Number of protein chains: 2
Amino acid sequence: MVQPPPALPGDAEAEIDTPALLLDLDAFEANLDTMARLLAGSNAKLRPHAKTHKSATVARMQIARGAVGQCVQKVGEAEALAWGGIGDILVSNEVVGTAKLRRLAALTKLATVAVCVDDAEQVWALEQAAEALGTRIETLVEIDVGMGRCGVAPGPPAVALAERIAHSRHLGFAGLQAYHGKAQHLRRAEERRAAVAAAAEATRRTVEQLAQRGLRCRIIGGAGTGTFEEEAASGVWTEIQAGSYAFMDADYARNLDAAGRPVSTFRHALFVLATVLSTPRPGVAVLDVGHKGVAVDRGPPLVWGMEDVRCVGCSDEHATLHFDPGARSFGIGETLRLVPGHCDPTVDRYDWYVGLRGGRVECVFPVDARGAMR
Amino acid sequence: MVQPPPALPGDAEAEIDTPALLLDLDAFEANLDTMARLLAGSNAKLRPHAKTHKSATVARMQIARGAVGQCVQKVGEAEALAWGGIGDILVSNEVVGTAKLRRLAALTKLATVAVCVDDAEQVWALEQAAEALGTRIETLVEIDVGMGRCGVAPGPPAVALAERIAHSRHLGFAGLQAYHGKAQHLRRAEERRAAVAAAAEATRRTVEQLAQRGLRCRIIGGAGTGTFEEEAASGVWTEIQAGSYAFMDADYARNLDAAGRPVSTFRHALFVLATVLSTPRPGVAVLDVGHKGVAVDRGPPLVWGMEDVRCVGCSDEHATLHFDPGARSFGIGETLRLVPGHCDPTVDRYDWYVGLRGGRVECVFPVDARGAMR
């Protein structure tokens, strides 16, 4: 069942029913503008990851600022975006299973759609799905450049797979998917730089070997919010797949720059609005949201604007805050903003964004691909 | 957006689209029967917690076996159950905010509804909401018996709050909420027993003090899957609020009995069905579900029936399995079952249950209160 929206345009922030997924529209738009500006001088285009925002509305705002399209991880996410009018979608992941491949092939009739493979048998499955629907699917080879998850090894294994794609009648070889997810969360700038340099070298070598076989990479995709400036500067990647930059979260805010200071390129724009449910003892407040509403896979949320207040634990429906009772108190019914530890899975818990500007709700729009795991 | 169902009745398990939330109906029904049998000899009635299952269908099956009603944590969960025909619902939590209290009061016209308070001002807010709708709300005092979350202290503070309820024209004092959540996950049986014994003593003392003021507790609620036999045997609690017993998860399976063996009262009945998406290296398989589809707040999932296979990590949309490549291999497209680390938040990620019996889908039914956080 879809939950009803928690607010109406015009409501004050304190009137929003909680828990709610808040978007500070000024900070959000500033983040979109910052990314467009930072990539303006490079050869790399932005293809933001919709696994973060799951919204055709957000996607359109990114595309209006120059993004070439969107990335997704799931066919269901691609469908939600295509149905919302997004015309160029890359599934930056493998798609396995007859039903999903049929849906993927069908989607090429609505939008430009590309997908990744890391296995020869799956090239065959993809070819069959495309042939059955009389369509053509653009296909990238995923190479493992340090993530240690999916992907074939760079170099000859990638070239062999690319040739197989190129020789498939209903597939087109579109390039390489080269995402180093682990590099995003290395805290020190020099660690991130070294990880991306190694990934760049492996990717560049693979591109050269492909070129020797006459295989051109139209797309070389990768990068994320933690490292995109490195990938863009390398000259290797043609598309930057950052997602979290639009919202930011507590985890990415722990990355440090070359001078050892927290990276401050993007602002916190995404929050979970919560209400104080109980003040059982001095120095303790309990909120009406737990990890069902704010993801804790990368640690507990931060309390926005209150560095002295610490979230000491989240259970399913409650978050417990500790603070110095001599310095502060909370009243039952008071609302406050949490900065999620991890934005992507937090967004996926909600049906609606509540867009705020100047303390008022400006818009309420759906998380179109909420729960689209298939 | 509600996701489409991942299967049709009659499908074989291998035909189910993944990730999917599977219910092994034989194991599930055996768990319901076991709980009914274990409580048959005690004075405590079962009021299962619907925060686990979020389904009116499951609730009806529990009530058919003798449960007196259901517990929930949120007004939205109570609504989903009432709309699904459940007639007796306890919100075992505080409800704060005008809009939520209005919905709660309205719900008393559809079902018998009770709620908890731990603050005098909230008694007044509840009274106003009940008066405005010309109804009466049954109200429990939550006492903190060791959980360290919401609740007033046992004894005089609880009595003072109960008197305030009893003197409110549109509220009825219904009893005590005395849940010791932390006790559920203490691994050793003697630790759990000691925690419940202390909670029982505090609760008994409060009940006696209430009786001295002429206040009778119709409901004394608490207990969970980890400790319910202790609470039932104590003679203090009248209602057992266990939820996970119906499904079981990897975390509860780590509790030990008095002999130091894993507690085996209930069977694993709930699974996430996943597909092998990639086999990038010998000894490694990557699945098509990550922590967006299987909660990791109590650790990674187990791979059902494969003790030699270890889930070494979940990212948003992937789980990575390690195993001895000399002993086993996986094929891309192969499906396997995961036992979630924590069942409650895992269920909340899905729109549909897929009920299986004898290797076939017997039924597909909705997670009615999916995302009902308000």
Side-chain angles (χ1 to χ4, degrees), chain A residues 1-3 6 17-20 51 73-74 76 80 93-94 96-97 99-100 118-119 121-122 125 144 148-152 181 275-280 284 286 288-289 291-293 295-297 314-318 320 332-333 344-345 348-351 366-374, chain B residues 1-3 6 17-20 51 73-74 76 80 93-94 96-97 99-100 118-119 121-122 125 144 148-152 181 275-280 284 286 288-289 291-293 295-297 314-318 320 332-333 344-345 348-351 366-374:
Chain A
M1 203 168 59
V2 176
Q3 295 301 311
D17 199 17
T18 67
K51 75 190 278 298
Q73 295 286 69
K74 298 285 186 168
N93 193 10
E94 286 67 31
V96 169
K100 289 188 184 75
D118 71 352
D119 179 85
E121 283 301 310
Q122 290 305 306
D144 182 357
R149 201 170 61 188
C150 303
V152 296
T275 297
V276 176
L277 195 64
S278 178
T279 53
V284 178
V286 182
D288 68 345
V289 68
H291 58 67
K292 279 181 180 170
V296 296
D297 60 286
C314 285
S315 49
D316 286 12
E317 294 90 2
H318 302 84
T320 300
I332 292 176
D344 303 28
D348 200 33
R349 311 282 214 275
Y350 290 86
D351 293 289
V367 183
D368 303 291
R370 195 283 317 157
M373 288 187 276
R374 306 202 309 267
Chain B
M1 201 169 60
V2 176
Q3 296 300 311
D17 199 17
T18 66
K51 74 190 279 298
Q73 296 285 72
K74 299 285 186 169
N93 194 10
E94 286 68 30
V96 170
K100 289 188 184 77
D118 70 352
D119 179 85
E121 283 300 311
Q122 290 305 305
D144 182 357
R149 201 169 61 187
C150 302
V152 295
T275 297
V276 176
L277 194 65
S278 179
T279 53
V284 179
V286 182
D288 68 345
V289 69
H291 57 70
K292 279 182 182 170
V296 296
D297 59 285
C314 286
S315 48
D316 286 12
E317 294 90 2
H318 302 85
T320 300
I332 292 175
D344 302 28
D348 199 34
R349 311 283 214 273
Y350 291 85
D351 293 289
V367 182
D368 302 292
R370 194 281 318 155
M373 288 187 277
R374 306 202 310 265

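In what follows, chains carry the letters A, B, and so on, assigned in the order in which the sequence lines appear, proteins first and then strands, with residues in each chain numbered from 1. This structure is a prediction, so every number in the text was calculated from the model and none was measured.
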First locate atom OG of S315(B), then atom NZ of K51(A), and finally report the distance between them rounded to the nearest 0.5 Å. 7.5 Å
Examine whether an atom of V284(B) lies under 4.5 Å from a heavy atom of chain A, and if so say whether it belongs to the side chain, the backbone or both; otherwise answer neither. neither
Please look at D316(B) and chain A and tell me whether the side chain, the backbone, both or neither of the residue comes under 4.5 angstrom of a heavy atom of that chain. side chain
Is any side-chain heavy atom of E121(A) closer than 4.5 Å to one of I332(B)? no
Search all heavy atoms of V286(A) against all heavy atoms of C150(B) and return the closest pair with its distance. CG1-SG, 3.7 Å
Residue part contacting chain A, namely of T18(B), when any heavy atom lies under 4.5 Å: both
Pairs of heavy atoms under 4.5 Å with chain A: top-ranked of V296(B), D144(B), D118(B), T320(B): D118(B)
Distance-only, no hydrogens or angles: does the Q3(B) side chain make a donor-acceptor pair with backbone N or O of R370(A) under 3.5 Å? yes
If you apply the rule side-chain contact (heavy atoms from CB on, under 4.5 Å), what do you find for D348(A) with R349(B), and how did you get there? CA-CA 9 Å; D348(A) 200 33; R349(B) 311 283 214 273; 5.8 Å; no
Residues V276(B) and V96(A): closest non-hydrogen pair is O-CG1, 3.9 Å
My understanding is that only residues two or more places apart in sequence, or in another chain, count here; which of them pass salt bridge (charged side-chain N to carboxylate O under 4.0 Å, His left out) with E94(B)? none
Cationic N near anionic O, under 4.0 Å, D297(A) to K292(B): no
Determine, stepwise, if the pair D288(B) / K74(A) fulfils side-chain contact (heavy atoms from CB on, under 4.5 Å). CA-CA 9 Å; D288(B) 68 345; K74(A) 298 285 186 168; 4.1 Å; yes
Is it the side chain or the backbone of P366(A) that comes within 4.5 Å of chain B heavy atoms, both, or neither? neither
Applying a strict 4.5 Å limit to non-hydrogen atoms, the region of E317(B) in contact with chain A is both
Sub-3.5 Å donor-acceptor pair from the side chain of K100(B) to the main-chain atoms of D17(A), do we have one? no
